[in-house]
Number of protein chains: 2
Amino acid sequence: MILSVDLTSDVPIYQQIRDRVVEAIAEGRLAEGSPLPSTRQLAVDLGINFHTVNKAYDLLRRQGLLRLNRKSGAVVRRDAGSGPPEADFTGDWQARLRTLLAEAVAHGVDGDTVVAACREVLASFATPQEQRP
Amino acid sequence: MILSVDLTSDVPIYQQIRDRVVEAIAEGRLAEGSPLPSTRQLAVDLGINFHTVNKAYDLLRRQGLLRLNRKSGAVVRRDAGSGPPEADFTGDWQARLRTLLAEAVAHGVDGDTVVAACREVLASFATPQEQRP
DNA sequence: TGTTCTGTTCTATACATACTAGAACAGTGC
DNA sequence: GCACTGTTCTAGTATGTATAGAACAGAACA
């Protein structure tokens, strides 16, 4: 199974699929050119409707991470080595980073601890790994 | 005006209020003990329904950042100097950090650039400032 | 005491989103 | 022809968002 979702979570399924694919690309388990399961196949594997998978794939396509066509199916379009991000990405991402870091600081987390947590996450991406606990 | 929201955004209003309060605490514009406007007053200021403000305040209360009662109104309960975060905070926060950083890495952002962006955000919290552009 | 403010808790409605479901179409490869 | 792919419709239910009105209980103040 390439990814798993929690059907009982309050996070929408299509967004969970998006997040898992994004994390898989960051971890290197999916590289540029890697094929993904077809929408119908993944829907069967996850026990959900194929329209939900279609929505997740379309979201990834609009974010520039996936290339979709009838010929080759769903293929990863970018990874960590694909060069600098597209223009409209950085601004929105930094705003979300600001909100997330503010949450930690407001809860009393030290600045150095925040940076250390970021480094730890980035290191886990750089380290090849087949399965996460 | 202590905070502003974008009524045309696709981000729910109650979540925007939550985010702005969290950021204000992180920036030091709101400290432990600082009073917030009453739900009805803030609703009038923002031109929205007071139930929406009530939802945002209740969310902040459940996250441990606000103390609500009839006596003192809405008061900030934690800030950057209130000690280590509560137990159930860290795990969930790190998962969201992982997803957000994965998004940047997958789009081709360099690891050092990510850390630099985090440092920049944290520095902007530490620097006293009345108004952000 | 009476008034006014506060948070809190109900019901109700309109609208958008999330998810499921079925069907059909147009390319592609066998 | 057949089986697969992504794509695009319609349609239904369930949940979430934001609105609105009403009422209650506790606290502050004249």
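Order of the sequence lines sets the chain letters (A, B, ...), proteins ahead of strands, with each chain counted from 1. In this text the structure is predicted, and so the values were computed from the model without any measurement.
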Please check this pair: side chain of B:Arg77 against backbone of B:Gly64, looking for a donor-acceptor N/O pair closer than 3.5 Å. yes
Residues in side-chain contact (heavy atoms from CB on, under 4.5 Å) contact with [X], at least two apart in sequence or another chain:
{"X": "B:Thr8", "answer": "B:Asp6"}
{"X": "B:Ala31", "answer": "B:Ser34, B:Asp79"}
{"X": "B:Ala24", "answer": "B:Arg29, B:Leu30"}

Mind running side chain to side chain contact (heavy atoms under 4.5 Å, CB included) on A:Arg18 and A:Tyr57 for me, showing each step along the way? CA-CA 7 Å; A:Arg18 189 213 75 111; A:Tyr57 278 14; over 6 Å; no
Expressed as a whole number of angstroms, how long is the span from A:Arg70:CZ to C:dT28:P?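 Roughly 8 Å, once rounded to whole Å.
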Which part of the nucleic acid, if any, lies within reach of A:Ser72 when heavy atoms closer than 4.0 Å are counted: base, sugar-phosphate only, or nothing? nothing
Does A:Asn69 reach a base, just sugar-phosphate, or nothing at all? Heavy atoms under 4.0 Å.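 Sugar-phosphate, backbone atoms only, no base.
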Reading DNA chain D from 5' to 3', where do the contacts with chain A start and stop? Cut-off is 4.0 Å to heavy atoms. D:dT5 to D:dC9
So OG of B:Ser38 and CG of B:Asp45: to nearest 0.5 Å the spacing works out to 8.5 Å
How many angstroms lie between atom CD1 of B:Ile13 and atom CG of B:Leu46, to the nearest 0.5 angstrom? 8.5 Å
Between A:Ile48 and B:Arg40, who's closer to the 5' end of DNA chain C by nearest nucleotide? B:Arg40
Over the length of the helix from C:dT1-D:dA30 to C:dC30-D:dG1, how much do the five-pair end axes diverge, rounded to 10 degrees? 20°
With a 6.0 Å cut-off (strictly less than), is the heavy-atom count around CD of A:Glu86, excluding the residue itself, greater than 12? yes
Scan side-chain atoms only and decide if B:Ser72 and B:Arg67 contain a donor-acceptor pair under the 3.5 Å cut-off. no
So which of residues 50-67 of chain B are in contact with DNA chain D, with a heavy-atom cut-off of under 4.0 Å?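 Within this stretch, B:Phe50, B:His51, B:Thr52, B:Lys55 sit under 4.0 Å of the strand.
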